[in-house]
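Just below is one structure, and these are the notes that go with it.
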Amino acid sequence: MKTSTEPGHLHSVGVFVTELISNPRHVGAAIPSSKRLATRMASFVPAPFDGLVVELGAGTGVVTAALLKRGLSPQQLVAIERSPKLADLLQGRFPTLNIVQGDASFLGELVKRHQGKSRRIDVVVSGLPLRSLPSSTLKAIEAQLHEHMNADGCYIQFTYDVRRNIPSPFKHFVRCESSVVWLNVPPARVDVFRRKKN
Ligand SMILES: C[S@@+](CC[C@H](N)C(=O)[O-])C[C@H]1O[C@@H](n2cnc3c(N)ncnc32)[C@H](O)[C@@H]1O
């Protein structure tokens, strides 16, 4: 696994910043998440776990690495990234994973492409910049979550808004756990959402 002092790390950050300049609304962060934030996100995935986990907005792979370290196998982890350049970088960094380049608005199709058949998702771990994405994209992503996640599935998201009790980004999901990572630049909060019971 690469560490933050290796030349590969500098290359990853370079690609990330280039993507940020070309697509600021879609990248939504000045630098990749810290390992500390990535580890906190992964800690909300049960271990051991044999369900299907989807990572949305994998970026340079810091959360992907934490999820693999948590014990997920390459077959049960679907890492999705919209940017072709970041998806190529991820594929080079994680040769055992089948990285899926595509838009989270087409989640069901992307999971099917990875798994070879439609499968329901148990856990979503998201680095998507929900607050800067167009509202049409947000609506499309929520519709896909609603359609393709298991009823007792959970959705893990980080945000740079560390205030408690801000509204859920999705009307069908309620926050059930929350934890702030102060030692991230900037500080971030990890929220775990579950689907509302009907
Ligand atoms: C804030 S960065 C997070 C990257 C990484 N997970 C991290 O924590 O460092 C957001 C990532 O989401 C990707 N992204 C944005 N919109 C997306 C979408 N609709 N579908 C898939 N990925 C998307 C961006 O290209 C970017 O890599």
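On a predicted model such as this, the values are computed, not experimentally measured, just so you know. When a ligand or atom number is given, it counts from 1 through the structure's own listing order.
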Inset, instruction - Mark the output for Leu56 as yes if a heavy-atom distance to ligand 1 is under 4.0 Å, and as no if none is. - result: no
Inset, instruction - Could you establish whether Leu133 and ligand 1 come within less than 4.0 Å of each other, counting only heavy atoms on the residue side? - result: yes
Legend entry - Protein heavy atom at shortest distance from atom 17 (C) of ligand 1: Leu128 CD2, 3.4 Å
Inset, instruction - Provide the number and element of each atom of ligand 1 under 4.0 Å from a heavy atom of Ala29. - result: 1 (C)
Inset, instruction - Note the single closest protein heavy atom to atom 10 (C) of ligand 1, along with its residue, its atom name and the distance in Å. - result: Gly127 O, 3.2 Å
Legend entry - Which residue and heavy atom of the protein sit nearest atom 2 (S) of ligand 1, plus the separation: Val27 O, 3.2 Å
Legend entry - Sub-4.0 Å heavy-atom contact, Gly102 with ligand 1: yes
Inset, instruction - Measure the distances from the heavy atoms of Ser105 to every atom of ligand 1 and state whether one is below 4.0 angstrom. - result: no
Legend entry - By ring-ring contact (aromatic ring centres under 6.0 Å, His included) - contacts of Phe193 (at least two apart): none
Inset, instruction - Report the part of Val62 (side chain from C-beta onward, or backbone N, CA, C, O) that has a heavy atom under 4.0 Å from ligand 1; answer both or neither where that applies. - result: side chain
Inset, instruction - Answer yes or no: does an N/O atom from Arg82 fall short of 3.5 Å to an N/O atom of ligand 1? - result: yes
Inset, instruction - Classify the contact between Leu86 and ligand 1 as side chain, backbone, both or neither, using a heavy-atom distance cut-off of under 4.0 Å. - result: side chain
Legend entry - Pair Asp161 + Arg131: basic N to acidic O under 4.0 Å: yes
Inset, instruction - Hey, could you give me the CZ/CG distance between Arg70 and Leu77, rounded to the nearest 0.5 Å? - result: 13.5 Å
Inset, instruction - May I ask you to list the atoms of ligand 1 that are less than 4.0 angstrom from any heavy atom of Ala58? - result: 5 (C), 6 (N)
Legend entry - Nearest protein heavy atom with distance in Å, relative to atom 27 (O) of ligand 1: Glu81 OE1, 2.8 Å
Legend entry - N/O donor-acceptor pair under 3.5 Å between Gln91 side chain and Leu97 backbone: yes
Inset, instruction - From the options His114, Arg113, Gln75, select the one residue that forms a side-chain contact (heavy atoms from CB on, under 4.5 Å) with Asn98. - result: His114
Inset, instruction - Taking atom CZ of Phe49 as the centre, report whether more than 12 heavy atoms of other residues, nucleotides or ligands fall under 6.0 Å from it. - result: yes
Inset, instruction - Could you tell me which atoms of ligand 1, counted from 1 in the order shown, lie closer than 4.0 angstrom to a heavy atom of Asp103? - result: 18 (C), 19 (N), 20 (N)
Legend entry - Close side-chain approach of Glu177 to Asp191, heavy-atom, < 4.5 Å: no
Inset, instruction - Apply the test side chain to side chain donor-acceptor pair (under 3.5 Å) to residues Arg40 and Ser179: give CA-CA distance (whole Å), side-chain angles for both, the deciding distance (0.1 Å), then the verdict. - result: CA-CA 8 Å; Arg40 186 74 57 84; Ser179 167; 2.6 Å; yes
Inset, instruction - Provide, to 0.1 Å, the distance between atom 9 (O) of ligand 1 and the closest protein heavy atom, together with that atom's residue and name. - result: Ser33 N, 2.8 Å
Legend entry - Which residue and heavy atom of the protein sit nearest atom 20 (N) of ligand 1, plus the separation: Ala104 N, 2.9 Å
Legend entry - For atom 4 (C) of ligand 1, the protein heavy atom that lies nearest, with its residue and separation: Gly57 O, 3.5 Å
Legend entry - Glu147 side chain reached by Leu107 side chain, heavy atoms, under 4.5 Å: no
Legend entry - For Pro32, the ligand 1 atoms whose distance to one of its heavy atoms is below 4.0 Å: 9 (O)
Legend entry - Joint hydrophobic cluster, Leu52 plus Leu56, side-chain heavy atoms closer than 4.5 Å: yes
Inset, instruction - Specify the protein heavy atom at minimum distance from atom 15 (C) of ligand 1: its residue, its atom name, and the distance to 0.1 Å. - result: His26 O, 2.9 Å
Inset, instruction - Please say whether more than 12 non-hydrogen atoms of neighbouring residues, nucleotides or ligands are located less than 6.0 Å from CZ in Arg195. - result: yes
Inset, instruction - Answer yes if the side chains of Arg164 and Ser178 hold a donor-acceptor pair under 3.5 Å, and no otherwise. - result: no
Inset, instruction - Select one of side chain, backbone, both or neither to describe which atoms of Ala38 lie under 4.0 Å from any atom of ligand 1, heavy atoms only. - result: neither
